[in-house]
Amino acid sequence: MLRIVLAEDSVLLREGLIGLLERFGHQVVAGAGSADELVEAVTAHTPDIVVTDVRMPPGFTDEGLRAAVALRETRPQLPVLVLSQYVQRAYAEELLDSCDGRGVGYLLKERVGNVEEFVDALQRVADGGTVVDPEVVRQLLRHRRDPLSRLTAREQEVLALMAEGRSNASVAEALTVSEGTVSKHFGSILTKLDLSLTDATNRRVLAVLAYLRGSP
């Protein structure tokens, strides 16, 4: 029997999952409707595994997934199974990389074929295994192959002009914006391309090279 903390903001779905899990002999020790409640429940009950959605109150963006990542940082051995409609790439990668990928899973709700398959995945994650939906893997790999996909359309315009050897002033003139705006866009580009070198010239060159590698 697994002791489970279940985080799902939809009351109907949460209650349905509780009934399903209990039918297979497991115990849901707490049901959470928000990311804060999830963290509180884990602290109070020390479960065998956490099952959580990605988008939860208050913002309905990535609160559940961020809470799972934070929980794994303080409790590396805590198994976590994400069950969601969405692939939230940044924190999904961080979660799947945590603890060398042991005791972690990411399933898409609409692609769970049957109940037994879901319960089996739950048990495997609880036992320290890794279970990831192939569609999640596909999206993560596509994202890693193309770092430029992280950039906005305007950021890609800025980088394309820099690849032509233009200065910030020239880029600003071409886009009819201020040099300060160009600098802000470039700072965002560096962050999204994971370029953390201290030398600004080297960072500019690396950013341009990333653009050239990703261009058709």
Would you sort out whether L65 and T52 count as a side-chain contact (heavy atoms from CB on, under 4.5 Å), showing the intermediate values? CA-CA 7 Å; L65 188 51; T52 184; 5.9 Å; no
Determine, stepwise, if the pair F24 / D120 fulfils side-chain contact (heavy atoms from CB on, under 4.5 Å). CA-CA 10 Å; F24 279 81; D120 177 65; over 6 Å; no
Verify side-chain contact (heavy atoms from CB on, under 4.5 Å) between R154 and V177, making sure each step is shown before the conclusion. CA-CA 11 Å; R154 176 46 64 95; V177 298; 3.7 Å; yes
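Smallest separation of non-hydrogen atoms from T46 and R3: O-NH1, 3.1 Å. When all heavy atoms of Y106 and Y86 are compared, the closest pair comes out as OH-O, 2.6 Å. When all heavy atoms are compared, the tightest approach of A35 to G64 is CB-N, 4.3 Å. Listed here is the closest heavy atom pair of P47 and L78: O-CD1, 3.8 Å. The two residues A126 and I49 have their closest heavy-atom pair at N-CD1, 3.9 Å. Counting all heavy atoms, side chain and backbone alike, L83 lies closest to K109 at O-CE, 3.4 Å.
Judged by distance alone, with hydrogens and angles left aside, the side-chain atoms of D9 form no donor-acceptor pair with the main-chain N or O of S34 at under 3.5 Å. Judged by distance alone, with hydrogens and angles left aside, the side-chain atoms of E63 form a donor-acceptor pair with the main-chain N or O of T61 at under 3.5 Å. Looking only at distances, a side-chain donor or acceptor of E8 sits under 3.5 Å from a matching main-chain atom of S10. Side chain of D133 to main chain of E135: a donor-acceptor pair is present (N/O by atom type, distance under 3.5 Å, no hydrogens or angles). For the pair R72 (side chain) and E94 (backbone), a donor-acceptor distance under 3.5 Å is absent.
One finds the OG1 atom of T191 at 9.0 Å from the CD atom of E155 (value rounded to the nearest 0.5 Å). Atom OG1 of residue T130 and atom CG of residue L96 lie 8.0 Å apart, to the nearest 0.5 angstrom. Note that CD of E22 is 10.0 Å distant from CG of L20, once rounded to the nearest 0.5 Å. To the nearest 0.5 Å, atoms CG (D36) and CE (M56) are separated by 9.5 Å. Note that CD1 of I18 is 10.0 Å distant from CG of L13, once rounded to the nearest 0.5 Å.
In this structure, V104 is not a member of the same hydrophobic cluster as L122, with clusters built from ILVMFWY side-chain heavy atoms closer than 4.5 Å. Taken together through direct or relayed side-chain contacts under 4.5 Å among Ile, Leu, Val, Met, Phe, Trp and Tyr, F60 and V69 form parts of separate hydrophobic clusters. If you chain together hydrophobic residues whose side chains sit under 4.5 Å apart, L95 and V131 never meet in one group. A chain of hydrophobic side-chain contacts below 4.5 Å, direct or via other Ile, Leu, Val, Met, Phe, Trp or Tyr residues, connects V125 to V115. Hydrophobic clustering places V82 together with V5 (ILVMFWY residues linked when any side-chain heavy atoms are closer than 4.5 Å, directly or through intermediates).
V51 has its side chain out of reach of L17: every pair of non-hydrogen atoms, C-beta onward, lies at least 4.5 Å apart. A 4.5 Å side-chain heavy-atom check between L107 and R111 finds every atom pair outside the cut-off. Within the 4.5 Å cutoff, no side-chain heavy atoms of E73 are placed close to those of S98. With a 4.5 Å cut-off on side-chain heavy atoms, H26 and Q123 count as touching.
Heavy-atom neighbours of E117 CD from other residues, nucleotides or ligands within 6.0 Å: above the threshold of 12. Sparse packing is recorded around NZ of K184, with 12 or fewer heavy atoms of other residues, nucleotides or ligands lying under 6.0 Å away.
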